[in-house]
Amino acid sequence: QVPLVESGGGSVQAGGSLRLSCAASGYTVSNSCMGWVRHEPGKARGGVAAIGGDGITSNADSVKGRFTISKDNGKNTLYLQMNSLKPEDTAMYYCAADPGRMYWRPLDPSKYTYWGQGTQVTVSS
């Protein structure tokens with residue numbers, strides 16, 4: 001498994017913001033598809049946002065206009081800026097990667113090969 005280490009989760013009030021980070025090692029973010037997937041207890045995993053090696057992004061409808069996925073190729077790190085957080089955003093957030101995928105950015109979690117350990121995001125009313 002390619003190491004992916006998430007950080008930045010925490011507890012916030014509704015309307016607040018968090019920025020998640022995912023530090024990758026063992027492969028190059030610049031030429032890999034990467035994404036954020038969340039899993040709430042009792043619900044199926046769902047893709048939140050994804051970014052191809054080319055930097056083009058895709059976003060789930062539930063987070064459009066609120067979440068922004070980005071990356072820093074020099075730091076080999078993936079980010080998820082989360083603004084206007086809602087209680088329904090509460091979940092474990094996982095960083096995922098499919099190395100070598102330059103031109104696709106799926107939201108389907110089954111498309112990813114490698115996974116981080118997850119970081120908890122809790123949003124209270």
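Small disclaimer: the values here were computed from a predicted structure and weren't measured. Values below: every heavy atom of this structure, side chains too, minus hydrogens, waters and symmetry copies.
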Item checked: Approximate separation, where rounding is to 0.5 Å, of Glu88 CD and Ser62 OG -> 9.0 Å
Note to self: So, taking the atom named NE2 in His39 and the one named CD in Gln120, what distance separates them when rounded to the nearest 0.5 Å?
What the structure shows: 11.0 Å
Next item on the list: Would you mind reporting whether Asp89 and Arg66 have side-chain heavy atoms less than 4.5 Å apart?
Entry: yes
Notebook entry, point to check: At what distance, to the nearest 0.5 angstrom, does CZ of Arg105 lie from CG of Asp98?
Noted result: 14.0 Å
Check: Quick one: are Val123 and Gln13 in side-chain contact, heavy atoms under 4.5 Å?
Finding: no
Check: So, do Val121 and Thr90 sit near enough that their side-chain heavy atoms are less than 4.5 Å apart?
Finding: no
Next item on the list: Examine distances only and state if a side-chain atom of Ser110 and a backbone atom of Asp108 form a donor-acceptor pair shorter than 3.5 Å.
Entry: no
Note to self: With rounding to the nearest 0.5 angstrom, report the CG to CE distance, Asn31 to Met102.
What the structure shows: 5.0 Å
Next item on the list: Tell me, please, whether Trp115 has Arg45 positioned over its six-membered ring: NZ or CZ under 6.0 Å from the ring centre and within 45 degrees of its axis?
Entry: yes
Check: Is there a side-chain contact between Arg101 and Ser32 (heavy atoms, below 4.5 Å)?
Finding: no
Checklist line | Short N-O contact, Asp61 and Lys64, less than 4.0 angstrom | finding: yes
Margin query: Looking at every heavy atom in both Ala91 and Glu40, which two are closest together, and how far apart are they?
Written below: CB-CG, 3.4 Å
Notebook entry, point to check: What distance do Leu20 atom CG and Glu6 atom CD have between them, rounded to the nearest 0.5 Å?
Noted result: 8.5 Å
Item checked: Gln81 vs Ser17, side chain to side chain contact (heavy atoms under 4.5 Å, CB included): CA-CA, chis, key distance, verdict -> CA-CA 8 Å; Gln81 179 65 46; Ser17 298; 4.0 Å; yes
Notebook entry, point to check: Do Tyr79 and Cys22 have side-chain heavy atoms sitting under 4.5 Å apart?
Noted result: no
Notebook entry, point to check: Distance-only, no hydrogens or angles: does the Asn76 side chain make a donor-acceptor pair with backbone N or O of Val29 under 3.5 Å?
Noted result: yes
Notebook entry, point to check: Applying the side chain to side chain contact (heavy atoms under 4.5 Å, CB included) test to Leu80, which of Ile51, Val48, Val63, Thr68 qualifies?
Noted result: Val48
Check: With distance as the sole test, does Thr119 use its side chain to make a donor-acceptor pair with the main-chain N or O of Gly9 at under 3.5 Å?
Finding: yes
Checklist line | Flag side-chain contact, heavy atom, 4.5 Å: Met34 against Leu4 | finding: yes
Next item on the list: Decide whether a cation-pi geometry holds between Arg38 and Tyr94; the criteria are a distance under 6.0 Å from NZ or CZ to the six-membered ring centre and an angle within 45° of the ring axis.
Entry: no
Check: Heavy atoms, side chains only, cut-off 4.5 Å: are Asn83 and Phe67 in contact?
Finding: no
Check: Would Leu107 end up clustered with Leu78 when hydrophobic side chains under 4.5 Å apart are linked, directly or stepwise?
Finding: no
Next item on the list: Identify whether Tyr27 and Ile69 are in the same connected component of the hydrophobic contact network (ILVMFWY, side-chain heavy atoms under 4.5 Å).
Entry: yes
Notebook entry, point to check: Heavy-atom distance under 4.5 Å between the side chains of Cys33 and Pro106, does that happen here?
Noted result: yes
Check: What heavy-atom pair brings Gly8 and Leu18 nearest, and what distance separates the two atoms?
Finding: O-CD2, 3.8 Å
Checklist line | Smallest separation among heavy atoms of Thr77 and Ser21, with atom names | finding: CG2-CB, 4.3 Å
Note to self: Looking at every heavy atom in both Ser125 and Ala14, which two are closest together, and how far apart are they?
What the structure shows: CA-CB, 4.4 Å
